Amino acid sequence: MKFFVDTADTGDIAELAATGLIDGVTTNPSLIAKSGRPFADVVKEICEIVPGPVSAEVVATDYDGMISEGRKLAKIADNVAVKLPLTLEGLKACRTLSDDGTMVNVTLCFSANQALLAAKAGATFISPFIGRLDDINVDGVELIADIRQIYDNYLFDTEILAASIRTANHVKLSALAGADVATMPPSVIKGLVKHPLTDKGLETFLADAAKAGIKV
Ligand code: E4P
């Protein structure tokens, strides 16, 4: 399973990239706005830190606008994945940009049928938002499992990118449901390593080593 970090904070991205655990980055207009920096500068810097796919989202909603913004974004770096909304115009733009050889991440997916359409439009990634579904009492992880089955039935190679992940449990359940990628805020990635028994065990080992004067 690939891990993407869901942020536009280049400090956090650099820190996590140094662990060797990060395969890509996702951003959205809200995250870029939060960074307080010019869009193209942030995307360029992120692409230099992480060699894997970096999703950058268009803000146009019509086909021509999405194509023009998408091509502009794709020129920033070879590893830009243009993020397009799951609308008919977005799917049409997805087909064109995918045929150009550009990676496309179709975002704001909330149903299996939407995911089927994105695969037919040649998307590189489909982003089901599991946290936002959970927020309205719909099982987001079940959606991941449904998409997995549909993509496997028809051998679509669109990658399932579990998005809107809020908890460590979302990561585990997405992995069990067969997501190809999970994108997570930095705090969730850092939280995955934590276990009280690991801390307790390490404390005991170090105390015993100190008592016995063990040196390695
Ligand atoms: C993914 O690409 C989105 O940027 C993100 O996961 C949305 O998460 P949120 O629902 O927590 O805003």
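Just so you know, these numbers come straight off a predicted model, no measurement behind them. Read the numbers this way: they start at 1 and go in the same order the structure lists the ligands and their atoms.
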Which residues satisfy the ring pair (Phe, Tyr, Trp, His ring centres under 6.0 Å) test with Y151, sequence neighbours excluded?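 Y151 satisfies ring pair (Phe, Tyr, Trp, His ring centres under 6.0 Å) with F156 only.
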If you take all heavy atoms of L31 and A8, which pair is closest and at what distance?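 Heavy atoms only, the tightest pair is O-CB, 3.6 Å.
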NZ/NE/NH1/NH2 to OD/OE distance under 4.0 Å, K211 and D208: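 Yes, charged N to carboxylate O under 4.0 Å.
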Got a second to check how far F3's CZ is from D23's CG, nearest 0.5 Å?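 Answer rounded to 0.5 Å: 8.5 Å.
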Applying salt bridge (Lys or Arg N to Asp or Glu O under 4.0 Å), name anything that partners D139, two or more places apart in sequence or on another chain.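 Salt bridge (Lys or Arg N to Asp or Glu O under 4.0 Å) check on D139 returns nothing, list empty.
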Would you please name every residue forming a salt bridge (Lys or Arg N to Asp or Glu O under 4.0 Å) with R148, sequence neighbours left out?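 So R148 forms a salt bridge (Lys or Arg N to Asp or Glu O under 4.0 Å) with D152, D180.
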For ligand 1, what N or O to protein N or O distances fall under 3.5 Å?
{"residue": "ligand 1", "atom": "2 (O)", "partner": "K83", "partner atom": "NZ", "Å": "2.6"}
{"residue": "ligand 1", "atom": "4 (O)", "partner": "D6", "partner atom": "OD1", "Å": "3.0"}
{"residue": "ligand 1", "atom": "4 (O)", "partner": "N28", "partner atom": "ND2", "Å": "2.7"}
{"residue": "ligand 1", "atom": "4 (O)", "partner": "K83", "partner atom": "NZ", "Å": "3.3"}
{"residue": "ligand 1", "atom": "6 (O)", "partner": "D6", "partner atom": "OD2", "Å": "2.8"}
{"residue": "ligand 1", "atom": "6 (O)", "partner": "S164", "partner atom": "N", "Å": "2.7"}
{"residue": "ligand 1", "atom": "10 (O)", "partner": "R132", "partner atom": "NE", "Å": "2.6"}
{"residue": "ligand 1", "atom": "10 (O)", "partner": "R132", "partner atom": "NH2", "Å": "3.4"}
{"residue": "ligand 1", "atom": "10 (O)", "partner": "S164", "partner atom": "OG", "Å": "2.6"}
{"residue": "ligand 1", "atom": "10 (O)", "partner": "R166", "partner atom": "NH2", "Å": "3.1"}
{"residue": "ligand 1", "atom": "11 (O)", "partner": "R166", "partner atom": "NE", "Å": "3.3"}
{"residue": "ligand 1", "atom": "12 (O)", "partner": "R132", "partner atom": "NH2", "Å": "2.8"}

